[in-house]
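Data block below; observations after.
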Number of protein chains: 2
Amino acid sequence: MTTRRNKQPTIIDIAEVAGVSKSTVARALSGSPHIGEKTRERVLTAVRALGYERNHLAHSLRSGKTGLIGLVIPDIANPFWAEVARGAQDAAAASGASLLIFSSDWDPEREAHHLRALRQARVDGAIVNPVADNVDGLGRFGLPVVLIGSSAERFPELSSVGSDIAQGVALGLDHLASLDHHRPALLVGSANRLARVRFMRVVHDYCIGHDIDPATLVIEEGSYTVESGRAAMLRLLERDPKAARCVFAANDLMALGALLAVREAGLRCPNDVSILGFDGIPAAAFSDPGLTTIEKPARAIGVEGMHLLAETIEGKLEHRRVLLDCALTSRGSLAHNSDLGPTRLMAVGSN
Amino acid sequence: MTTRRNKQPTIIDIAEVAGVSKSTVARALSGSPHIGEKTRERVLTAVRALGYERNHLAHSLRSGKTGLIGLVIPDIANPFWAEVARGAQDAAAASGASLLIFSSDWDPEREAHHLRALRQARVDGAIVNPVADNVDGLGRFGLPVVLIGSSAERFPELSSVGSDIAQGVALGLDHLASLDHHRPALLVGSANRLARVRFMRVVHDYCIGHDIDPATLVIEEGSYTVESGRAAMLRLLERDPKAARCVFAANDLMALGALLAVREAGLRCPNDVSILGFDGIPAAAFSDPGLTTIEKPARAIGVEGMHLLAETIEGKLEHRRVLLDCALTSRGSLAHNSDLGPTRLMAVGSN
DNA sequence: GTGAAAGCGCTAACAG
DNA sequence: CTGTTAGCGCTTTCAC
């Protein structure tokens, strides 16, 4: 086959064809007002004729702006982060930027490596979910950054966007209360996880604000997986069947596990036990019953992250922390508690 | 003596500090053998001292290689494509390349737009899942491309990697046969979708090879969504309860929908009806029972795509079509058919 | 309005 | 081995 390997045309080529200088071409291409209408037409015609496309590299090198944005997340294959990426992607595309996506795999070393790569690629800025206590890596980044996810609170000097866990938890607890479940059992992560601490702090505050003694709450521990949720639910069922009437899980995977356990125990959801999840993963829609859950605004986080970053890059913004609302997605895993008495008794008794 | 400390250091800065010329610095940095051990040390020391990091843009502009790879997929938020991206990501990282990921949203226009953006970014090559009959767009791309996904067969002149649908379908049908289900009902997409045609062709060939009259197969149509799968299953149950003993869905979402329908109809899976899916989406693990499915090698497709592309870029490879094997993931949705007779009768009768 | 010229930071001949 | 000299393709003064 005949392979025409002509190099791509440059502004010099089109300058020649249009019979002008390359600076004139540059002006025409950048929409400068200091150029004659007729000249511009001639240049544009040549551009079309040669199929010219601007070399981004040269443009970036000279102008100092690459139109590249870095996105560092734990795992692109994780539905939540994929949604975040999708949002960032959309927002980036809308502003003509391209996204360089990297997975840190929760590894501080990889994160540092990626940050370095982004700096070398001369990205205009980056959106990152800081993985571990990589304060140094981020502090030295030297480029506009916006943090996403909840670990952002460890870097108070950087702009960030995340979901409003407090609002989400309150939303869930309020909704449960409206179904007459006032003391749901809690399925949370292991004590050393920051997420667990944060979740519990919010629950604690809510209880204080609603005249509930936090000490009366029944808590089971899992590790954010389906299997751990299943095991935790089984334990709960054995330990305190009455408290198990209603369960609020700190993430959907554990909630789904709890659902499995309920069925295994010969009980039914929501008739025997109500389950509320937290996250809003797609799989929650396919269980039976569908899992009612507090949905984090994943895509919006990506979109808003890009907006914050854009403002940061333009210097319009000194610092901001954006918290996006979670929303309740009702499916079938919650029922009204028609038998409140025993639950109350249990809560008091287990004190 | 103009020392600009506010900007990132360049090789000129480090040349000054090390007391050599910038070409020597470049040589030291690129690990050239034509340089003295002592000089190299001196340069490297200066590099560390100034915290120098090579400017990728300038490097790329000069060398003609950007180390950028484009990935164009329909949707990064779709679990399957997210996995593909993850694989490509890993392979790219391993070879020091960065990925520019774009979502085409199944829109030929957006795809064309992204292809243009990639060309302008001077990526070294691209991996794309061609969306529509965008033959022109791809033909004119002018850069090394590797196609992924099954629509690749429309571009026989380009290298591609995809899952071996024929092998996957045969795997499923064989497995069902081993459970004594010889004529599963088929839940497929709508007739105008390429995927449906491909799926059915493979089933057809399999039947011919196994002395089964394809015309005796019971087929229901959906549109690759949970809801459509549910509706299709309900129809099937009403139309031909006996054929509904075993269902092979063309994708997991429809299979999950079928599962819902079975339960709604007061039947149980797998005891009353066995269901086999196709895809291997994560959600298939959380249903009850877990969905047994034919899993496409999503991540491997990404990895292999990157490898193929690398070879294509290096010119080592003229053309190749790689088909990766699907695998059976057994969960609980399949049971042995202990009552073969009626099924056979039904198949013949419905002819 | 338009052109000439000077780089952005780096690589790659070609001399010494 | 090392320095000198050209650029890669584009933007951007600064003259005219």
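In what follows, chains are A, B, ... by sequence order, proteins preceding strands, each numbered from 1. Predicted model only: the values in this text are computed from it and were never measured.
Using a 4.0 Å cut-off between charged nitrogen and carboxylate oxygen, A/Glu311 and A/Arg320 count as a salt-bridge pair. Between A/Arg119 and B/Glu53 there is a salt bridge, with a side-chain nitrogen of the basic residue lying less than 4.0 Å from a carboxylate oxygen of the acidic one. Using a 4.0 Å cut-off between charged side-chain N and carboxylate O, A/Lys296 and A/Asp164 make no salt bridge.
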Sugar-phosphate atoms are those with a prime plus P, OP1 and OP2; base atoms are the rest. Using that split, label each nucleotide of nucleotides 10-16 of chain C B, S or - for protein heavy atoms under 4.0 Å, 5' to 3'. BBB----

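Taking atom P on both nucleotides, C/dA6 is separated from D/dT5 by 15 Å, rounded to a whole Å.
Formation of a donor-acceptor pair under 3.5 Å by the B/Asp107 side chain with backbone atoms of B/Ser104 is not found in this model. A distance-only check finds no donor-acceptor pair linking the side chain of B/Asn129 to the backbone of B/Ile73 [under 3.5 Å]. Under the 3.5 Å distance criterion, the side-chain polar atoms of A/Ser159 are left unmatched by any main-chain donor or acceptor of A/Arg321. A donor-acceptor pair under 3.5 Å links the side-chain atoms of B/Ser32 to the main chain of B/His34, judged by distance alone. Looking at A/Asp124, its side chain does come within 3.5 Å of a backbone N or O of A/Gly67 through a donor-acceptor pair.
Looking only at atom types and distance, the side chain of B/Ser23 has a donor-acceptor partner in the side chain of B/Ser21 under 3.5 Å away.
Sorted by first then second residue, the ring-ring contact (aromatic ring centres under 6.0 Å, His included) pairs that include residues 47-87 of chain B, not counting sequence neighbours, number zero.
Nucleotides of DNA chain D that come within less than 4.0 Å of any heavy atom of chain A span, from the 5' end to the 3' end, D/dG9 to D/dT12.
If you check every strand for non-hydrogen atoms under 4.0 Å, A/Val20 touches sugar and phosphate atoms only.
Counting heavy-atom neighbours within 6.0 Å of A/Glu41 CD, excluding the residue itself, gives a total above 12.
Taking a 4.0 Å limit (strictly below) on heavy-atom distances, residues 31-48 of chain B does not reach DNA chain C anywhere.
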Given the rule that a pair is Watson-Crick or G-U wobble with both distances under 3.5 Å, how would you write DNA chain D in dot-bracket, using | for pairs to a different strand? ||||.|||||||||||

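Summarising the geometry of B/Val43 relative to B/Ala28, their closest heavy-atom pair is CG1-CB, 3.7 Å, with the distance given to 0.1 Å.
B/His114 pairs by the ring-ring contact (aromatic ring centres under 6.0 Å, His included) definition with B/Phe102, not counting sequence neighbours.
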